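Working notes for the structure below.
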Protein chains: 2
Amino acid sequence: MSADLHVILGDLVSVNHRLTRVAARAARGTESPALWRTLSVLRSTGPIRLGELADLSRVSQPTATKLAGGLVARGWIERTNDPDDARVSLIASTPAGEAALAAWRAELAAALLPYFADLSAGDVETLERAVAILRDRVEATERMAAPHRLAAEPTVTAR
Amino acid sequence: MSADLHVILGDLVSVNHRLTRVAARAARGTESPALWRTLSVLRSTGPIRLGELADLSRVSQPTATKLAGGLVARGWIERTNDPDDARVSLIASTPAGEAALAAWRAELAAALLPYFADLSAGDVETLERAVAILRDRVEATERMAAPHRLAAEPTVTAR
DNA sequence: CCCTATACATAGCCAAGCTATATATCCAGC
DNA sequence: GCTGGATATATAGCTTGGCTATGTATAGGG
């Protein structure tokens, strides 16, 4: 019998906040989580406009502007103008950004590994499935949260 | 077979950061996560000194001082002097603090519930077990992080 | 052409994190 | 019982990430 989902969700968020601190200290010396989070979103979506990035990252538009500034300064994203709409700024991660993200993930995982090294194979699989579930939910909420144009968008492609 | 534990840990932290944003927006209008996290730690440990609270919360001592100030201002913790050592400040959560924490968890869970309502029973149980695993690891790292020293990586430091 | 809506930028605030340093207390040794 | 180093917390000052409110430029329909 599972406990009430309410309780599980409360515990989930609590343990998340604590794990965030463990990860922050384990991967000290690296850049801030917000930048990695933003890069992660970009990686899963491909090039998008700044407003969409804000929605999908679950931050306000000004916060996305600020984060984008930091990412541009580090050469981790590129901003290009939409030829069809001069107001729009398209954001895409650069190869350097992808590489930096991968390096951060590797460093973080290496730092956390000792704490998780003695997990049983079953526990590892449980974690893996839980990550998949959570990613699915987070991306589902992204879809719910996008009040903008996801439907009638002609999907201006690529370049 | 499960994917490499490195990859799972990287994904775990990534999805955690994203989930944190979802939770922050879902539970809008409430107090900051750091205060709840601190109360959570106190709840699981009972009364402890400020320095211990900093270590267990995985924040620096000055940060713990600041957080404790906010919690005292809200009446959610009490500070008493250690009769045996005048330097020491003992921190304990108040009933009001416990109640506020419980209320926050309930509100947060209610806000997140719609996003998780359609999970299968098996997925719910996976989440529950994952939360238990993570809590166990987080508390294990607390034990590892005994004094001011951060637990070192097993790899040779080459900085 | 205006007029409104949209996309992003700017300004200005606050919280949370850090390092470095100051203050107060304890304790060991003399 | 003084002195000096160690320990517990406080203070100062900075950076980043988050927000709301508002400004500016462009799009697009009367």
Side-chain angles (χ1 to χ4, degrees), chain A residues 17-18 20-39 41 48-74 77 79-91 146-149 152-153 156, chain B residues 17-18 20-39 41 48-74 77 79-91 146-150:
Chain A
H17 284 140
R18 295 236 236 157
T20 293
R21 292 304 310 154
V22 173
R25 301 218 124 187
R28 65 183 163 175
T30 58
E31 304 282 343
S32 75
L35 298 182
W36 303 124
R37 188 192 61 224
T38 307
L39 276 179
V41 171
I48 50 177
R49 35 172 84 189
L50 191 140
E52 277 179 313
L53 179 59
D55 289 338
L56 300 184
S57 301
R58 320 289 297 195
V59 300
S60 67
Q61 172 260 310
T63 296
T65 297
K66 202 183 288 188
L67 293 173
L71 290 169
V72 167
R74 288 166 178 79
I77 64 170
R79 305 184 60 161
T80 57
N81 293 327
D82 185 331
D84 297 331
D85 189 336
R87 298 168 301 177
V88 168
S89 190
L90 291 172
I91 314 273
H148 286 323
R149 9 151 92 252
E153 178 69 5
V156 193
Chain B
H17 283 139
R18 295 235 237 157
T20 293
R21 291 303 309 153
V22 173
R25 300 217 126 186
R28 135 185 255 175
T30 57
E31 303 283 341
S32 74
L35 299 182
W36 303 124
R37 188 192 61 224
T38 308
L39 276 180
V41 172
I48 49 178
R49 35 173 84 187
L50 191 139
E52 277 180 311
L53 179 59
D55 289 339
L56 299 184
S57 301
R58 321 290 296 196
V59 300
S60 67
Q61 171 262 308
T63 296
T65 296
K66 201 183 290 188
L67 292 173
L71 290 169
V72 167
R74 289 167 178 78
I77 63 170
R79 305 184 62 162
T80 57
N81 293 327
D82 186 332
D84 297 331
D85 189 338
R87 297 168 300 175
V88 167
S89 191
L90 290 173
I91 313 272
H148 281 341
R149 296 296 294 154
L150 186 64

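Since the model is a prediction, treat every value here as computed from it, not as a measurement. Within every chain, numbering begins at 1; the chains are lettered A, B, ... in the order of the sequence lines, protein sequences first and strands thereafter.
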Would a 4.5 Å heavy-atom cut-off, applied to side chains only, mark B:Leu90 and B:Ile48 as touching? no

Without decimals, in angstroms, what is the distance between A:Leu56 CG and C:dA7 C1'? 15 Å

Side-chain N or O of A:Arg58 versus OP1/OP2 of D:dG18: is the shortest distance under 4.0 Å? no

Grab the CG-C1' distance between A:Leu53 and C:dA9 for me, whole Å please. 15 Å

One pair to check against side-chain contact (heavy atoms from CB on, under 4.5 Å): A:Ile91 and A:Arg49. What are the steps and the verdict? CA-CA 6 Å; A:Ile91 314 273; A:Arg49 35 172 84 189; over 6 Å; no

Is any side-chain N or O of A:Thr65 closer than 4.0 Å to OP1 or OP2 of C:dC8? no

Between B:Leu35 and B:Pro83, which residue's closest nucleotide on DNA chain C lies nearer the 5′ terminus? B:Leu35

Measure the distance from CD on B:Glu52 to C1' on D:dA8 and round it to the nearest whole Å. 11 Å

Under 4.0 angstrom, heavy atoms only, what part of the nucleic acid is B:Ser60 near: base, sugar-phosphate, or nothing? base

Check: B:Ser60 and A:Arg25 side chains under 4.5 Å, non-hydrogen atoms: yes

Nearest-angstrom distance from the residue atom NE2 of A:His17 to C1' of C:dA15: 14 Å

Just to confirm, is there a sub-4.0 Å distance from OP1 or OP2 of D:dA10 to any side-chain nitrogen or oxygen of B:Arg79? yes

DNA chain C: A:Arg21 or A:Pro62, which has the more 5' nearest nucleotide? A:Pro62

Report the distance from atom CD of B:Gln61 to atom P of C:dT19, rounded to the nearest whole Å. 11 Å

For the residue pair B:Arg79 and B:Leu50, establish whether any side-chain heavy-atom pair is separated by less than 4.5 Å. yes

Any side-chain heavy-atom pair from B:Arg58 and A:Arg18 closer than 4.5 angstrom? no

When the distance from NZ of A:Lys66 to C1' of C:dA11 is rounded to whole Å, what number comes out? 10 Å

Just the rounded figure in Å: distance from P of C:dA22 to CZ of B:Arg87. 19 Å

Looking at every strand, decide which applies to B:Pro33 at a 4.0 Å heavy-atom threshold: base, sugar-phosphate, or nothing. nothing

From CG of B:Asp84 over to P of C:dC26, roughly how many Å is that when rounded to an integer? 10 Å

Output yes when at least one side-chain N/O atom of A:Arg49 is less than 4.0 Å from OP1 or OP2 of C:dA7, else no. yes

Among the candidates D:dT9, C:dT25, C:dA9, find the nucleotide nearest to the side-chain atoms of B:Asp85. C:dT25

If you assign each of A:Thr63 and B:Leu90 to its closest nucleotide in DNA chain D, which residue comes earlier from the 5' end? B:Leu90

Any A:Ser89 side-chain nitrogen or oxygen under 4.0 Å from OP1 or OP2 of C:dC8: no

